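Here is the structure we will look at.
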Protein chains: 2
Amino acid sequence: MRFMTERIARDGRALDEQVLLVDSFLNHQIDMELMKQCGSAFAQHFKGKGITRVMTVESSGIAPAAMTALEMGLPLVVFKKKTSRITNGTVYQTVVQSFTKNVRYELTVAKRFLPEGEKILFIDDFLAMGEAAIGAGRIIREAGSEIAGIGIVIEKTFQPGRKRLEAEGYDVFSLARVQSMSADGIAFVEP
Amino acid sequence: MRFMTERIARDGRALDEQVLLVDSFLNHQIDMELMKQCGSAFAQHFKGKGITRVMTVESSGIAPAAMTALEMGLPLVVFKKKTSRITNGTVYQTVVQSFTKNVRYELTVAKRFLPEGEKILFIDDFLAMGEAAIGAGRIIREAGSEIAGIGIVIEKTFQPGRKRLEAEGYDVFSLARVQSMSADGIAFVEP
């Protein structure tokens, strides 16, 4: 989607060859009109796939996923990054490694918000190694549901996330695909 | 606001006299149409106050704050609950105690997303002790800006949050005010 590529080109900043800073519009300061455009683009791409529920991971995935759920008229369910004392005992959990942040965390969702037979659209802000989506997929299969699509705001094509997700059979759609980053700038692949 | 009181009466559950479970529509599974109503109600209440920026705390505040920012056509800035390695050194930080969850965390925001002279609308899902809003207020004052309003989705009137925030001079507006909770049900005060 041109709108996201253009925004990254204008306001994104390559901190190094791995880390793309988009905190002025996506994950710290958030441009909600842009998030609305993301929601419309995801809804448009995945319409007709029989999606019944939108899911994401706290907290940077929430804004784009929220606008997608609103646009599609579907419930949004947010995976928590740790066990809640309240939901404890009635949850699905799996360990996920974040290579970008070099931490491991437990992806957690209350079983009652992930019933059997659902077709999930999983939305996230970044796709790098694909760990979050793969972890979400494990939980969703365990629940007897399936990932019917994965919507990514920014994909780093120089990392193996897409390859890993496609190997699992997932339909991955990214709004912007970053091919490389350096002090000279950010290069994109057409989505 | 009747819509929020009615939704809590229907789908909320008092876990004990302190903890109100609203995870089927507000903070785990999220009803985005309801969040849109919250955004409209906050925008309506605070219009004419010269608000320039909406702020909230990750992650449960994001959905209602996002809809408020969208409705008001303003940027949304999300306080992080810990130091990011990326923003480190260029941030405002303050320690906040969450009594509900019995943890302390650092409320963090990059200085460039909180310039001087801003009039902030601070949105949060719950008001209990008021610690998050008081912490946010400290940071916002330090930045040379001010809190021009506080919008709360659910206030627990049996805890001192409102009294503490009003003592700081803040204008607090809650969509639902819970007076007490027990196995018998949830009692409300009219907002």
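Letters A, B, ... mirror the listed sequences (proteins, then strands); counts begin at 1. Just so it is clear, the model here is predicted, and its values are computed rather than measured.
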Exercise. Should we say atom NZ of B:K163 is surrounded by more than 12 heavy atoms from elsewhere, each under 6.0 Å from it?
Worked result: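 Count not over threshold, so no.
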For this session: Verify the neighbour count for atom CD of B:E17: are there more than 12 heavy atoms of other residues, nucleotides or ligands below 6.0 Å?
Result: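 For B:E17, atom CD is not crowded (no more than 12 foreign heavy atoms under 6.0 Å).
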For this session: Please state whether the side chain, the backbone, both or neither of A:S24 comes within less than 4.5 Å of a heavy atom of chain B.
Result: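 A:S24 touches chain B through backbone and side-chain heavy atoms alike.
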For this session: Heavy-atom distances under 4.5 Å only: say whether A:V109 touches chain B with side chain, backbone, both or neither.
Result: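 It is both, since atoms from each part get that close.
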Problem set entry | Check: A:V77 main-chain N/O paired with B:H28 side-chain donor or acceptor under 3.5 Å | no
Exercise. Do B:V95 and B:F79 belong to the same hydrophobic cluster, where Ile, Leu, Val, Met, Phe, Trp and Tyr are linked whenever their side-chain heavy atoms lie under 4.5 Å apart, directly or via other members?
Worked result: no
Exercise. Is the shortest heavy-atom distance from the side chain of A:M32 to the side chain of B:L74 under 4.5 Å?
Worked result: no
For [X] and [Y], work out which heavy atoms get closest and say how close.
| X | Y | value |
| --- | --- | --- |
| A:K80 | B:S60 | NZ-OG, 4.2 Å |
| B:L70 | A:K36 | CD1-CD, 4.1 Å |
| B:S59 | A:E58 | OG-OE1, 2.6 Å |

For this session: Scan side-chain atoms only and decide if B:R112 and A:Q29 contain a donor-acceptor pair under the 3.5 Å cut-off.
Result: no
Problem set entry | Interface residue of largest heavy-atom contact number with chain A, from B:D31, B:L114, B:I62, under 4.5 Å | B:I62
